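Data first, discussion second: the structure below is written as structure tokens.
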Number of protein chains: 4
Amino acid sequence: MTDAAPRNPERNEQRRRQILAAAAECFQRRGFHSASMAEISKAAGMSVGHIYHYFENKEAIIRAMVEAKAQEVVDKMDELRRHPDVLAALVEKVDEGMAKQTERASAAMTIEVLAEAARSPGILGTLCESDRVAMAKMKETLIAANPALAADPRLLDGRTNLIAALFDGLAIRALVNPDFDREGLLAALRLTMQTLLREPPAGNGGTR
Amino acid sequence: MTDAAPRNPERNEQRRRQILAAAAECFQRRGFHSASMAEISKAAGMSVGHIYHYFENKEAIIRAMVEAKAQEVVDKMDELRRHPDVLAALVEKVDEGMAKQTERASAAMTIEVLAEAARSPGILGTLCESDRVAMAKMKETLIAANPALAADPRLLDGRTNLIAALFDGLAIRALVNPDFDREGLLAALRLTMQTLLREPPAGNGGTR
Amino acid sequence: MTDAAPRNPERNEQRRRQILAAAAECFQRRGFHSASMAEISKAAGMSVGHIYHYFENKEAIIRAMVEAKAQEVVDKMDELRRHPDVLAALVEKVDEGMAKQTERASAAMTIEVLAEAARSPGILGTLCESDRVAMAKMKETLIAANPALAADPRLLDGRTNLIAALFDGLAIRALVNPDFDREGLLAALRLTMQTLLREPPAGNGGTR
Amino acid sequence: MTDAAPRNPERNEQRRRQILAAAAECFQRRGFHSASMAEISKAAGMSVGHIYHYFENKEAIIRAMVEAKAQEVVDKMDELRRHPDVLAALVEKVDEGMAKQTERASAAMTIEVLAEAARSPGILGTLCESDRVAMAKMKETLIAANPALAADPRLLDGRTNLIAALFDGLAIRALVNPDFDREGLLAALRLTMQTLLREPPAGNGGTR
DNA sequence: TATGAATGAGTTTTCATTCAT
DNA sequence: CATGAATGAAAACTCATTCAT
């Protein structure tokens, strides 16, 4: 059973990663619903039943993926904040974020997870919680880039959400319009980031 | 049979709309895969088999929805372009777009469709084609707002895609972070739109 | 309704033939179960519902075909019996019978009908009755070829059944072994027919 | 999955036989199309889904039956050839063959399989291949009975096919005319077999 | 006569999950 | 730990037949 304490926690963790990697591959290829446990077990090199030693059910697999994805965002933010000029780093490194979000496999996975979240309360809960953590980290990073943003919480929230929406939306663009001009979009992205990070909180762009 | 010319095109069209409305409701509530044809038929007030007189299969229903959605965008763009000051209208009416995209039912539907497109070539094809049409319309509208944008096609493409990504992303935000501050986000959205529409094509924000 | 007396019997009969021809084509191509009434109605150039004016149901169509097929056999026998040398005609004309039975479309239809008869009592009844009539006619013809065969009813019955089995079996051969040597089979067929028709009723080939 | 090598081949084989026996019973009673998987699973004493562990689909079941049937013929031929006087054995044992072919259940099954083969390329392929093997075996047996038959391949092919057609046709007779005189038919069968096996290859019965 | 919209039962097949070994 | 046989509910889709027009 999943709740039994594993004899060997290390091996346990390795198995879980093995399953997650296999499942990610299957979900990207076929979607969450169409990827059968049999398929995943084959990709993971173990029996169907054995997967149930490590994950309570199929949903638990996707929940674990959501958490891993959020952790990636947190790590990225931590990395950016260690930069001497955080604002410049945010604008500069935007190409990496775009590349990651618009990579076909990653984009498909993102959308897959969202679709499942839209109908499974369990997954939605995990996703919301993960997003909450990631957003908080992002706000800290934005403040590190421009301390003036800390002055108005609503302004900060708005800009953070907008940036999040932007990156989420890139995954959709990659799916629907895969031949878009990457250089052109990158330029627009940098312009937008600069605006959102530099613009003084007061002025006609602020909260009325 | 679906391909037979209907005796009464009017009634036919009404039936199709009736089915699409019922299906939209079911898909939003339960997702494309989980919504059964039996459920849809009950919601539409007709028998299962009868739906197959109007749509070749379940996929054809979602394809019809994609086309209807794209038409909405096109109509919206046409409306905006009829405005005396297109640029101001674009910035001003951004609240309507945000409201529509972040409405729960609409957002769920958007994500549902995307998830299906990610694995069904037929739906993806319809979606890409619809997007192509909508994007072209959107470019015309941006040029109407600021003719200088027409000078650099890559810049125009980048900005159009960015705006599209932004609105697509709003649907995701609505799902994942439903309690975000709407006023704050609206302010950030207006600032971004102003920047992308006003900024001169030449300068450090253009295509390098 | 089918039982209503038709206003115009001629036109009625023409319609029935039209439907039977269309149905035969569909059954050969797709089998009785797979050929839908919609398909048949399209092939016949009339609406589904209209077919039900002429045939009570789908089974009635196949029953009409069985009767038509038996009539063909009867006609053929009558033709042969009008020949001056019936025995020689039977041996000689065996090639026509073989050609007809081994023609792909005809063979498929024969097997199709049999398969339906095997599971539908109604069709089986029609088929048995039709066969009874055809067999009686065939016996008359064999006696016309060799009057000595009339002496032993069991011998006559055995030989008639054997010839019937042989021709029925040709349809199966055509399906299962379509590349068989037609000349070789024809020679064997003639040899067999000669033996069965000429051999004296008494002797070691008779009923023990 | 069907393609996975079973852990326990013995048990696996037993299950397959169990399913085939149940399916044969159902197909005979109701026909291939009308016998539902639910019915078969009930007759086999296992769940519907479980049948799919052993057979890819419904068609695969009938294909396995075709192969088993062909093997029976091959075994029968081998048995006959081990006889000291093969020709006499062939003529003598004809009653067993007739009894088998005209048994109601067997006849229904034969016709059922043929009807499916007529429309399913997969089944037809299996059937043709099985028939090829069985026919080859039969030719060897005929040559063992009368070595002179080996001299003319077309004559041999013709006679083999005729005998095959004859036995195939018996199944049809049993269905359509179940009350035929068995003794009378047996006598005619023996006469025919003797003629086809003894007759010298040269003469007016050979290939012209 | 003639149409074809409408019905809904019935079919094959898939799949998450369990559990004896 | 590890396996994979076994379950059975549920889904998409088809089709003969009816009947209002």
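In what follows, every chain begins at residue 1, and chains take the letters A, B, ... in the order their sequences are listed. Source: prediction; values computed, not measured.
Taking the nucleotide of DNA chain F with the nearest heavy atom to each of S47(A) and S47(D), the more 5' of the two is matched to S47(A). When each of F32(B) and G45(D) is assigned the nucleotide of DNA chain F with its nearest heavy atom, G45(D) is the one assigned upstream, toward the 5' end. Where V48(D) and G49(B) meet DNA chain E, the nucleotide closest to each residue was compared, and G49(B) sits on the side nearer the 5' end. In this structure, R11(B) and E59(A) both approach DNA chain E, and ranking their closest nucleotides by distance from the 5' end singles out R11(B).
The NE2 atom of H50(A) sits 18 Å away from the P atom of dA16(E) (whole-angstrom rounding). To the nearest angstrom, P of dC19(F) lies 18 Å from CD1 of I51(C). Taking atom OH of Y52(D) as the reference point, atom P of dT11(E) lies 12 Å away to the nearest angstrom. Straight-line distance from the CD1 atom of I61(B) to the P atom of dC13(F): 9 Å, rounded to whole Å. At whole-Å resolution of the value, NZ in K42(A) and C1' in dG4(F) are 12 Å apart. Separating the CD1 atom of I40(A) from the P atom of dA16(E) is a distance of 7 Å, rounded to the nearest angstrom. Computed from coordinates, the F27(C) CZ to dC15(F) P distance equals 13 Å when rounded to whole Å. Rounded to an integer number of Å, the gap from R15(A) CZ to dC1(F) P is 8 Å.
Checking dA2(F), dT13(E), dC13(F) against every side-chain atom of K58(D), the shortest atom distance belongs to dT13(E). Distances from the side chain of M37(C) to the nucleotides dT3(F), dT11(E), dT17(F) place dT17(F) closest. Here the side chain of Y54(B) is nearest to one of dT12(E), dA5(E), dA16(F), namely dA5(E). Here dT3(F) is the nucleotide among dA2(E), dT3(F), dA11(F) with the atom lying nearest to any side-chain atom of M46(A).
In this structure, dT3(F) forms a base pair with dA20(E), meeting either the Watson-Crick or the G-U wobble geometry with both donor-acceptor distances under 3.5 Å.
dT1(E) and dT21(F): their P atoms are spaced 22 Å apart (whole Å).
Counted by atom type alone, Q14(B) and R17(B) present zero donor-acceptor pairs between their side chains at under 3.5 Å.
Taking all atoms of both residues into account, the shortest heavy-atom contact from I61(A) to L20(A) is O-CD2, 3.6 Å.
Within 4.0 Å (heavy atoms only), S41(D) reaches no atom of the nucleic acid at all.
Classified by interplanar angle (parallel below 30°, tilted 30° to 60°, perpendicular above 60°), the ring pair F27(A)/F32(A) is perpendicular.
Between the side chain of Q28(C) and the main chain of A108(C), no donor-acceptor pair closer than 3.5 Å is present.
Under the 4.0 Å criterion applied to side-chain N and carboxylate O atoms, E25(A) and R29(A) are assigned as salt-bridge partners.
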